[in-house]
Protein chains: 2
Amino acid sequence: MTIHQPGKERIDAVRGFNRFYTRQIGLLDEGLLKSAFSLTEARVLYELAHRDGLTATDLVRDLGLDPGYLSRLLKKFEERGLVERAATEADARRSSIALTPAGRVAFAPLNQGSHDQVAALLDRLPAPEQDRLVKAMQTVQSLLGDGAEPKIPYMLRPLQVGDIGWVIHRQGLLYAQEYGWDETYEALVAEILGAFVKSFDPKWERSWFAEREGEVVGSVFVVRQSDAVAKLRLLYVEPSARGLGIGRRLVEECIVFARAKGYKRLTLWTNDVLTSARRIYEAAGFKLADEERHHAFGKDLVGQNWNLEL
Amino acid sequence: MTIHQPGKERIDAVRGFNRFYTRQIGLLDEGLLKSAFSLTEARVLYELAHRDGLTATDLVRDLGLDPGYLSRLLKKFEERGLVERAATEADARRSSIALTPAGRVAFAPLNQGSHDQVAALLDRLPAPEQDRLVKAMQTVQSLLGDGAEPKIPYMLRPLQVGDIGWVIHRQGLLYAQEYGWDETYEALVAEILGAFVKSFDPKWERSWFAEREGEVVGSVFVVRQSDAVAKLRLLYVEPSARGLGIGRRLVEECIVFARAKGYKRLTLWTNDVLTSARRIYEAAGFKLADEERHHAFGKDLVGQNWNLEL
DNA sequence: ACCACTTACTTGACTTAGTCAAGTATATCA
DNA sequence: TGATATACTTGACTAAGTCAAGTAAGTGGT
C-alpha cells in the first residue's frame, strides 16, 4: 500500500485503454497474416530497415524478445538472404545486422501494407480529428516513454493566433485550482490581453511564448506604461514545465528588451501568494516597492508592486 | 490512390505509436508470465468477470479470437471449474458463459496484478500528468473506437472557470484557419468576454456552454444592451461537434431567456461569411436589419445586424 | 412445411511462435 | 590471471494459435 495511490478511475481508464489497444493492434496485425512474416519478424525487419548498425542485443532490448528466438529468426533471415551480419571491430562477440537489397525488397510490401492500413484508418476521420488523434498519441507516448527528454527542452517564439486564448484559459484554471480564485481573474486576464493586442505597439511592446513539444507552456508580456516605464505582465509557466528555468528565462527576455528600448524602469504587479514568481523577480533584481491588501478574485490578497531600475 | 490522402507525417506518427504501444503491452504482459494464465486467457477471464450473459460468439467478436481456440479454452476452464455454461432459452446453439465463484477466485490475483502494474506505471507521473495521460488515452479511444456515440450527445451548462479562455482560444484559431482572420479577432473576443464577466448581471445576462464528453464544444452569450434589447454574442460550435443541432439549441436557449426576461428584441451582429451561423439565425426567425462593408481582422468583410422581435 | 442458407459452436490435425536452460566465445574488472 | 559478465547460439520443449471440416440449431423464402 503506497501512500500516494493514483485514483482508481485513472487506473481503470488506463487498463481500459490497454484492453482497447491490445485489440486494436490485433486488428492491425491481421493484415500481416497473409504475408510471409509474423508480427515479430515484421517488427525486426522494421527496425533493421530504419536503423543502422543494430546488433542482436539492441533488438532484444528494444523489442523485448527472447535472445534464442531472435538468434534463430536472424539465422533464417540470413539463409534467405534477407540480412547480412558484419563483425564489429570493437567487439568480436557482436555483429551488426543490416538488411540486404533483397531484404529491403521483401520488407517493402510489408511496409506499404502497414502504411496503407493506417492510412485507411485515418481516412475515416476528418483532418482536424486526425490531428487530435496524433496529438493524443504523442502525449501518451511522451508521458509513458521513459523520459526521453526532447532535444530542445523549450523554445521561445512570438505570439500566434490562439495563444492569448490559451493563456487566458490556462491561467484561469490554474489559479482557480491552486489558489481558489474565481472567474473574475480569468476575465481580468482576458481584458488585459484583449487590450494588449488591440493597442499593440511593436516598437515598445512585446510578448514571448515558451513552447515545449508543440504546446505552449509559458508566457510573459511587456507593455508600455510611459516613455520611461515598461510593465511586465502575466508571467506564467505550466506546472508540468516548471523546473526548466522557463520563468527566469522569460523575465530575462523582458529585461533585455526593456533595456534595449531605453526604458528607465521595469515594473510589475503581483500578489504575495505567488511565491515561485516572487523568487524569480527577486533573483532578477526586482525590489519590492509597496504592497497593499485588496479583495479580488473572491479572495483577500496582498498586492505588490515590484520595480527594477534599468 | 485516394484523393484525400492523410498526411504522411500523420501516418508515420500513428505507426510509431503502434510500435511503441505494442512494446508497452508486451511489457505489461510479462507480468502474466508467472501466472497460470496466458494473455488471451486473462482477456477472456476479464470479459467474463465484467460482463453478464456473454456467449462464445461475443468473445470471439470482441477479443478477435479464433472460435476453435476459444472453444477449447472454455472447455479447459469448465473442466477446471472456473466457468459454467447455461443454455440460452431463445437459442439452443448458444450458451451464456459465466465465471463460477472458483473462477472469480482465480481471476482476482490476476486482476490485482494488472491493477498494481498500472498503478505503478501511473505512480511515476505527477497527478496532473496522470490526468493528461488518461485524457489523451480517452481521446485516442473515442476517435478510433467505432463511433460508439456517447449516451448524451451533449449537455448545456453555465460558465465555469477556464471556459472563456477556451472559447477565446478556439474561436481565434478556428476563424484564423477557416477564414484567415488575424489575431485581432481573438483579441476582440477576449475584450468582449472579459467585459462580459466583469460587468456580469445575472438578472439580465447569461451564457451557455455545450459540453460533449467533458469538452466544451460550443457556447453563446446574451448581454443586456438596454431595457428592451438583448444582444446575442459569439455563437460558436466546434467543427467536430457540428451536425448535432448544438448551434440551433444554443440560439433557442437565448431566445427563451430573452423572452422570459421581458426583452422586446434580440439582436446580433455577424459577418456574411459565417454562412452556417446565418442559417441558424434565419431558421430561428431573425431578420436581416442592415449590413455594411468594413475592414477588420485583416479582411474585407460585410457586417450584418440581425433582429428578432420577441 | 420444406429446402437452402446461415449461425454457433466443436473437433481434429497441424504449425509456429515463443520459452528455458545450458553452452561457447569474447570482453571486462580487480 | 582468474572470476564474472556479455553476446550470442543450440537443443529440447510447450503453449498458443490456425485452418478446415463437421454437427446441430436457427432463419428466410416460397
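Quick note on labels: first sequence line is chain A, next is B, and so on, each numbered from 1.
Ranked by how close their nearest DNA chain C nucleotide is to the 5' end, A:A90 and A:G68 are led by A:G68.
Taking only side-chain nitrogens and oxygens, B:K75 never comes nearer than 4.0 Å to OP1 or OP2 of C:dC9. Look at B:S71 and you won't find any side-chain N or O under 4.0 angstrom from OP1 or OP2 of C:dT11. Within the structure, every side-chain polar atom (N or O) of B:S95 is placed at least 4.0 Å from both OP1 and OP2 of C:dA8. Phosphate contact (OP1/OP2 of D:dC8, side-chain N/O of A:T55, threshold under 4.0 Å): present. Residue A:T57 has no polar side-chain atom (N or O) positioned under 4.0 Å from OP1 or OP2 of D:dT6.
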ring-ring contact (aromatic ring centres under 6.0 Å, His included), that's the test. Do B:Y21 and A:F17 meet it? Break it down for me.
CA-CA 11 Å; B:Y21 223 80; A:F17 180 76; 5.2 Å; yes

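At the heavy-atom level, B:A87 lies nowhere under 4.0 Å from the strands shown. Contact annotation for B:S38: backbone-only contact, meaning every heavy-atom pair under 4.0 Å involves sugar-phosphate atoms and none involves a base. Residue-level contact check: B:D66 touches the bases, meaning some heavy atom is under 4.0 Å from a base atom. Among the protein residues, B:R61 comes within range of no part of the nucleic acid, since none of its heavy atoms lies under 4.0 Å from any strand.
In this entry the distance linking CZ of B:F77 with P of D:dA16 reads 10 Å, nearest Å. With rounding to whole Å, A:F37 atom CZ is found 15 Å from C:dT16 atom C1'. Between the CD atom of B:E41 and the C1' atom of D:dG17 there is a distance of 12 Å, given to the nearest Å. Rounded to an integer number of Å, the gap from B:L59 CG to C:dC9 P is 9 Å. The separation between A:L63 atom CG and C:dT19 atom P is 13 Å, rounded to whole Å. Distance CG (B:L65) to P (D:dA15): 19 Å, rounded to an integer number of Å. Atom pair A:R93:CZ and D:dT9:C1' shows a separation of 14 Å (rounding to whole Å applied). At whole-Å resolution of the value, CG in A:L70 and P in C:dT16 are 18 Å apart.
Closest to the side chain of B:Y69, out of D:dC8, D:dG17, D:dG26, is D:dG17. Listed nucleotides: D:dG26, C:dG18, D:dC19. Nearest to the side chain of B:R72: D:dC19. When each of C:dG18, C:dC9, D:dT9 is scored by its nearest atom to the side-chain atoms of A:R85, the top-ranked nucleotide is D:dT9. Side-chain atoms of A:D91 lie closest to C:dA27 of the nucleotides C:dA27, D:dA25, D:dT18. The side chain of B:P67 sits closest to C:dT10 out of D:dT9, C:dT10, D:dA7.
Ring-plane geometry between A:H169 and B:W166 is classed as tilted, the angle between the planes lying from 30 to 60 degrees on a 0 to 90 degree scale.
Under a cut-off of 6.0 angstrom, the local environment of CZ in A:R248 is sparse, with at most 12 non-hydrogen atoms contributed by other residues, nucleotides or ligands. Heavy-atom contacts from other residues, nucleotides or ligands closer than 6.0 Å to CD of A:E211 number more than 12.
Inspection of the A:D91 and A:T88 side chains reveals no N or O donor paired with an N or O acceptor under 3.5 Å.
Side-chain atoms of B:R212 do not come within 3.5 Å of backbone N or O of B:M155 as any donor-acceptor pair.
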